[in-house]
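Just so it is clear, the structure is predicted and the values come from calculations on it, not from any experiment. FYI, side chains are in, hydrogens and waters are out, and symmetry mates aren't considered; it's all heavy atoms of this structure.
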Amino acid sequence: MKTPFQSSAACAAATVLLAGICGASPSFAQEAAAIPHGDSPPQYQKLRFDEDFSYLKDPANRTDVWDPIKFIPFNDARDWNLSLGGEARLRYEYYNNLRWNPDSPDKDGYFLQRYLLHADLHMGEAVRVFGQLQSSLADWRAGGARPTDVDRLDVHQFFADFRVPLGDDDDSLTFRLGRQELLYGSQRLVSTRESPNIRRSFDAARVLAKLGDWNIDAFIARPVEDDRGTFNDSGQTSSDFWGVYATGPAPWAGGTNVDLYYLGLRKPNATFAAGTADELRHSVGSRVFGKSGSWDYNFEGVIQWGTFGDRDILAWTLASDTGYTFQDVVFTPRAGLCADVISGNTSSSSASRLSTFNPLFPRGAYFGESAIIGPQNLIDIHPALDLKLTTAVKLSLDWDFFWRYGTGDGIYDSGGNVLRGAGGGGRYIGSQPSVALEWAVGRHTTINAAYAHFFAGEFIRNSGPSADVDYVSFWVVYRF
């Protein structure tokens, strides 16, 4: 059997490239060692194009081995500059009785690899170009690779920014055109899909406005279709996605912020438990979030309408995440409670109206790393406890309980595919306790492990294979 690192020329190329960069690093390390420590370096961002390394204009701030390639100036003013970076993630996953099926083919788990390399070119204050390559690989998966597992080598992002200042303050308009990642709010509706092997991107045109304390983002986009070959990804010409997303401080309460948004989606041959048809869906929502003393809170509501074939759409969701942190207690525990109500078809409404909520482009691991169930036709109650074992190690414990919202609808996976149809009877789906450990090994490396067990409930037992599910994952990420 080939080892994972022998399975792909793309993997070999990425490995050679990383090795080449690392091979040049001794001189970087010597330079960094000779420079006095400056300000603490920033953390790497979820969206790598949001990172700002302009503090490295001052050579005294170069304290990290990678700093010489994080800010490469081209002129005396240093406003023409280039920043290079990347990420390597190695991940092992194992399911026992995948999708509650004791006959599922994967008995030994599988191995995933993801490599990202990017370049960020600034040409003064007005023009910027960002590009990123992605290689995602999978090995040992007996059931075959999933659509989000393999994309051997492709352009993940490539866009240009054109910034126009407004007045003498920091207000501005930025026009962004090209392939790019989108992420809004808590990633309930629009996310980068971090946990799956292939991150999500869009071919999009955006106008980003910064007006005082408010940021407003208007966009039209098409999701990128992930093909398994080399440099063959393209936008899904049959699907359209557009919207406006605004975020800023809430005037009625200090420390509280609010998101307001509208999102539109046109998708042919959309599939729900109620059938398959062309879908036109509009979503309007708001999120209120912030902190007050030891409390933190995050509340969100969305209503959707439109058409599904010859049916009308009326769907909605309410979500909450509330926590309290015990600051003066050992391990600084945070006790939290999440609760979601997500609409689905009832038996009386399914014939004339589609009430199934569409989460659009949600995060891949919506209810934990196991990602067994997606956010459609659900009621869930989710208590959790986070413990900071050290400044670098966090332990998370939780137990999630699931019910169907409407018995005239089925349940869905994290990609929106139907897992079980409406038949079988019963409302209770089951519960999932899980434990996760995260260790930040310095600034560049994180090591994670997760375990979950899904106890099959009445609906699972009545609608098909009903074995409990065990899930184990372990992954290492290196960023620079």
For W295, all residues meeting ring pair (Phe, Tyr, Trp, His ring centres under 6.0 Å), sequence neighbours excluded: Y324
Minimum side-chain heavy-atom gap R287-S186 below 4.5 Å: yes
Heavy-atom side-chain proximity of P249 to W214 below 4.5 angstrom: yes
R353/D312 under salt bridge (Lys or Arg N to Asp or Glu O under 4.0 Å): CA gap, chis, key distance, verdict: CA-CA 5 Å; R353 186 177 68 200; D312 292 330; over 6 Å; no
Audit row: L387, K394, side chain to side chain contact (heavy atoms under 4.5 Å, CB included) steps and yes/no: CA-CA 6 Å; L387 302 172; K394 183 175 76 170; over 6 Å; no
Validation row, ring centre F49 to ring centre H118 under 6.0 Å: no
Backbone N/O of Q113 and side chain of N197: donor-acceptor pair under 3.5 Å: yes
Under 3.5 Å: donor-acceptor pair, side chain of S414, backbone of I373: no
Nearest-0.5 Å distance that lies between atom CG in L419 and atom CG in N417: 7.5 Å
Contact check, side chains of L378 and I429, non-hydrogen atoms, under 4.5 Å: yes
Main-chain N/O of D468 paired with N97 side-chain donor or acceptor, under 3.5 Å: yes
Residues R363 and E194 bridged, charged N to O under 4.0 Å: no
Side chain K210, main chain G212, donor-acceptor under 3.5 Å: yes
salt_bridge(R114, E87) N-O dist < 4.0 Å: yes
Any pair counted as ring-ring contact (aromatic ring centres under 6.0 Å, His included), so long as it reaches residues 357-384, sequence neighbours left out: F202-F361, F241-F361, F367-F402
Ring pair (Phe, Tyr, Trp, His ring centres under 6.0 Å) involving Y110 - partner list, sequence neighbours excluded: none
Plane angle bin for F480 and Y478 - parallel if under 30°, tilted between 30 and 60°, otherwise perpendicular: tilted
OG1-NE2 distance between T307 and H282, expressed to the nearest 0.5 angstrom: 7.0 Å
CA sep, side-chain torsions, deciding dist, call: R222, S239, side chain to side chain contact (heavy atoms under 4.5 Å, CB included): CA-CA 6 Å; R222 284 177 171 168; S239 297; 5.7 Å; no
Under-4.0 Å salt bridge between R48 and E51: yes
R404 to F459, cation-pi by 6.0 Å centre distance and 45° axis angle: yes
With T247 via side-chain contact (heavy atoms from CB on, under 4.5 Å) - residues at least two apart: N215, D259, F289
For S431, side-chain contact (heavy atoms from CB on, under 4.5 Å) partners two or more places apart: W399, F401, Y428, F455
Listed partners of D227 passing side-chain contact (heavy atoms from CB on, under 4.5 Å), at least two apart: E225, N232, D233
Donor-acceptor pair, side chain of D67 and main chain of T63, under 3.5 angstrom: yes
F130/F159 under ring-ring contact (aromatic ring centres under 6.0 Å, His included): CA gap, chis, key distance, verdict: CA-CA 6 Å; F130 183 91; F159 64 82; 5.5 Å; yes
Partner residues of F474 under the ring pair (Phe, Tyr, Trp, His ring centres under 6.0 Å) criterion, sequence neighbours left out: none
pair S135-L137: side-chain heavy atoms closer than 4.5 Å: yes
Those residues that, when tested against N358, pass side-chain hydrogen bond (donor to acceptor under 3.5 Å, both in side chains) (two or more places apart): E279
Heavy-atom side-chain proximity of V224 to Q236 below 4.5 angstrom: no
Qualifying residue for side-chain contact (heavy atoms from CB on, under 4.5 Å) with L395, from D386, L385, V435: V435
Parallel, tilted or perpendicular: ring planes of Y261 versus Y245, cut at 30 and 60 degrees: parallel
Could you list the donor-acceptor pairs under 3.5 angstrom formed between side-chain atoms of residues 328-341 and any protein atom two or more places apart in sequence or on another chain?
unit_1, atom_1, unit_2, atom_2, d
R334, NE, D296, OD2, 3.1
R334, NH2, D296, OD1, 2.8
R334, NH2, D321, OD1, 3.3

Listed partners of L133 passing side-chain contact (heavy atoms from CB on, under 4.5 Å), at least two apart: V155, F231
Closest heavy-atom pair and its distance - E93, S473: CG-CB, 3.9 Å
Ring pair (Phe, Tyr, Trp, His ring centres under 6.0 Å) against W475, all qualifying residues, sequence neighbours excluded: none
Backbone N/O of L84 and side chain of K70: donor-acceptor pair under 3.5 Å: yes
Presence of salt bridge, R188 and E300, under 4.0 angstrom: yes
Residue pair T445, V477: steps toward the side chain to side chain contact (heavy atoms under 4.5 Å, CB included) verdict: CA-CA 6 Å; T445 305; V477 181; over 6 Å; no
Closest approach of A274 to N345 (non-hydrogen atoms, all atoms of both residues): CB-ND2, 3.7 Å
Residue pair A365 / A371: nearest heavy atoms and the distance that separates them: CA-CB, 4.2 Å
Aromatic centroids of W100 and Y95 separated by under 6.0 Å: no
S195: side-chain hydrogen bond (donor to acceptor under 3.5 Å, both in side chains) partners, not counting sequence neighbours: E369
Side-chain ion pair, R146 and D149, N-O less than 4.0 Å: yes
Candidate pair T356 and I342, rule side chain to side chain contact (heavy atoms under 4.5 Å, CB included), full reasoning: CA-CA 8 Å; T356 308; I342 308 169; over 6 Å; no
